J.: 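I am attaching a structure below and will ask some questions about it afterwards.
Keep in mind that what you see is a predicted model, and the values were worked out from it rather than measured.
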Amino acid sequence: SFTMNMYLFVYDLMQFCGHSWIFTNMIIRFMTFGKDSLADTFHSIGLVMRLCQLLSVLEILHILIGIDKSRLLPRFLQITERIIILFVVINSQEEVQGKYVVCVLFFLWNLLDVVRYTYNMLARMGIYYLPLTWLNFSLCIPLYPLSVLAKGFAICVSLPYFESFGTYSIKLPFPFTFSIYFPYVLKMYLIVLFAGMCFIIQNLFSERMAHLGTGNIKNKRS
């Protein structure tokens, strides 16, 4: 309906503004301060990044109620990956926030999202530019695996801090003999992360074929 389409347009616009601000801020800071800006990335743009990622949880709801026709599982995996890395791994360990890998992650995430939300906004209005469509469904194929590698590296960097500080590790008192050692949880999540990457990449290729197939390209040109 028109109302739902306008709501989705406003949502995409808000996300576009947020990620554009982050992306522009990162570039300007790097051009101004050079490498010194990398260690301060999280403290400069972390709040807006967290707000954008929390807002992205709505995309799962959009799919569940049927106003977004995207596949649920790939989108769910992509959103939860970011939530876990951003809020559990990076936000909880101040020592990790100054690592260069955080800057790399934020750059990859925002580059992908600026393109994606630009494409989505125009698509809500029935506007399809072939170069933007190609970029939206092609850029994610090389950049998503790079972001997964950066996520895995961020987890590996954070492990010594989780081990020394005992963050999120739980040891239940007597008479229970059960404990959760969080570094082990993160190591198991690494397996899930890379297994999920294979599934999501397959989905990205199928989406690219669906939108950039010869027939679809001719239809959008006409």
J.: Taking ring-ring contact (aromatic ring centres under 6.0 Å, His included) as the test, write out the residues that go with Tyr144, two or more places apart.
T.: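 ring-ring contact (aromatic ring centres under 6.0 Å, His included) list for Tyr144, sorted by chain: empty.
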
J.: Is Ser169 reaching over with its side chain to a backbone N or O of Phe182, donor-acceptor style, under 3.5 angstrom?
T.: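 Looks like yes, one N/O pair under 3.5 Å.
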
J.: Between Ser20 (side chain only) and Phe16 (backbone N and O only), is there a donor and an acceptor less than 3.5 Å apart?
T.: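 Checking the backbone N and O of Phe16 against the side chain of Ser20, a donor-acceptor pair under 3.5 Å is found.
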
J.: Do His211 and Tyr128 pair up side chain to side chain, a donor and an acceptor below 3.5 Å, judged on atom types alone?
T.: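 Tyr128 and His211 do not have a side-chain donor-acceptor pair below 3.5 Å.
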
J.: My understanding is that only residues two or more places apart in sequence, or in another chain, count here; which of them pass ring-ring contact (aromatic ring centres under 6.0 Å, His included) with Phe87?
T.: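 If we apply the ring-ring contact (aromatic ring centres under 6.0 Å, His included) test to Phe87, skipping adjacent residues, there are no hits.
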
J.: Which pair of non-hydrogen atoms, one from Val104 and one from Ala150, has the smallest distance, and what is that distance?
T.: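 The pair with the smallest heavy-atom distance is CG1-CB, 4.4 Å.
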
J.: Sequence neighbours excluded, which residues qualify as ring-ring contact (aromatic ring centres under 6.0 Å, His included) partners of Phe23?
T.: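 Scan of Phe23 (ring-ring contact (aromatic ring centres under 6.0 Å, His included), adjacent residues dropped) gives Phe107.
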
J.: I want to check something: taking the side chain as every heavy atom from C-beta on, are Ile60 and Ile79 in contact at a cut-off of under 4.5 Å?
T.: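 Yes - at least one pair of side-chain heavy atoms lies under 4.5 Å apart.
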
J.: Can you name the closest pair of heavy atoms from Leu105 and Ala154 and give their distance?
T.: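 Heavy atoms of Leu105 and Ala154 come nearest at CD1-CB, 4.3 Å.
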
J.: Counting C-beta onward and ignoring hydrogens, is there a side-chain heavy-atom pair between His19 and Phe106 closer than 4.5 Å?
T.: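 With C-beta onward as the side chain, the pair stays apart.
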
J.: Minimum heavy-atom separation for Ser138 and Pro142, please, with both atom names.
T.: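 Reported closest heavy-atom pair: O-CD, 3.0 Å.
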
J.: Are the side chain of Ser206 and the backbone N or O of Asn203 linked by a donor-acceptor pair below 3.5 Å?
T.: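 Yes: the side chain of Ser206 pairs with the backbone of Asn203.
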
J.: Strictly distance-based, threshold 3.5 Å: is any side-chain N or O of Gln97 a donor or acceptor partner for the main-chain N or O of Ile90?
T.: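 Yes.
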
J.: So which heavy atom on Tyr7 is nearest to which on Ile67, and how close?
T.: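 Heavy-atom minimum between the residues: CE2-CD1, 4.0 Å.
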
J.: Grab the two heavy atoms, one from Gln93 and one from Tyr161, that are nearest each other, plus how far apart they are.
T.: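 Looks like OE1-CB, 3.6 Å.
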
J.: What residues form a ring-ring contact (aromatic ring centres under 6.0 Å, His included) with Phe194, not counting sequence neighbours?
T.: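 With sequence neighbours excluded, Phe194 shows a ring-ring contact (aromatic ring centres under 6.0 Å, His included) to no residue whatsoever.
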
J.: Specify the closest pair of heavy atoms between Asn136 and Val115, including all atoms of both residues, with the distance to one decimal.
T.: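 Reported closest heavy-atom pair: CA-CG1, 3.7 Å.
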
J.: Only pairs at least two apart or in different chains count here, so list each salt bridge (Lys or Arg N to Asp or Glu O under 4.0 Å) that has a residue in residues 34-44.
T.: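 As it turns out, the salt bridge (Lys or Arg N to Asp or Glu O under 4.0 Å) pairs with a partner in residues 34-44, which skip direct neighbours, are Arg29-Asp40.
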
J.: Could you work out, with side chain to side chain donor-acceptor pair (under 3.5 Å) as the rule, every residue matching Asn25, not counting sequence neighbours?
T.: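 Not a single residue meets the side chain to side chain donor-acceptor pair (under 3.5 Å) criterion with Asn25.
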
J.: One thing to verify: whether Lys69 and Glu59 come together as a salt bridge, which I'm taking to mean a side-chain N less than 4.0 angstrom from a carboxylate O.
T.: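 Not counted as a salt bridge, because no side-chain N and carboxylate O are separated by less than 4.0 Å.
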
J.: Within the 3.5 Å criterion, strictly below it, is a donor on Ser56 or Arg82 matched to an acceptor on the partner's side chain?
T.: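 Judged by distance alone, the side chains do not pair up.
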
J.: Would you say the side chains of Arg50 and Gln53 form a donor-acceptor pair under 3.5 Å?
T.: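 Per modelled atom types, Arg50 and Gln53 side chains form no pair under 3.5 Å.
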
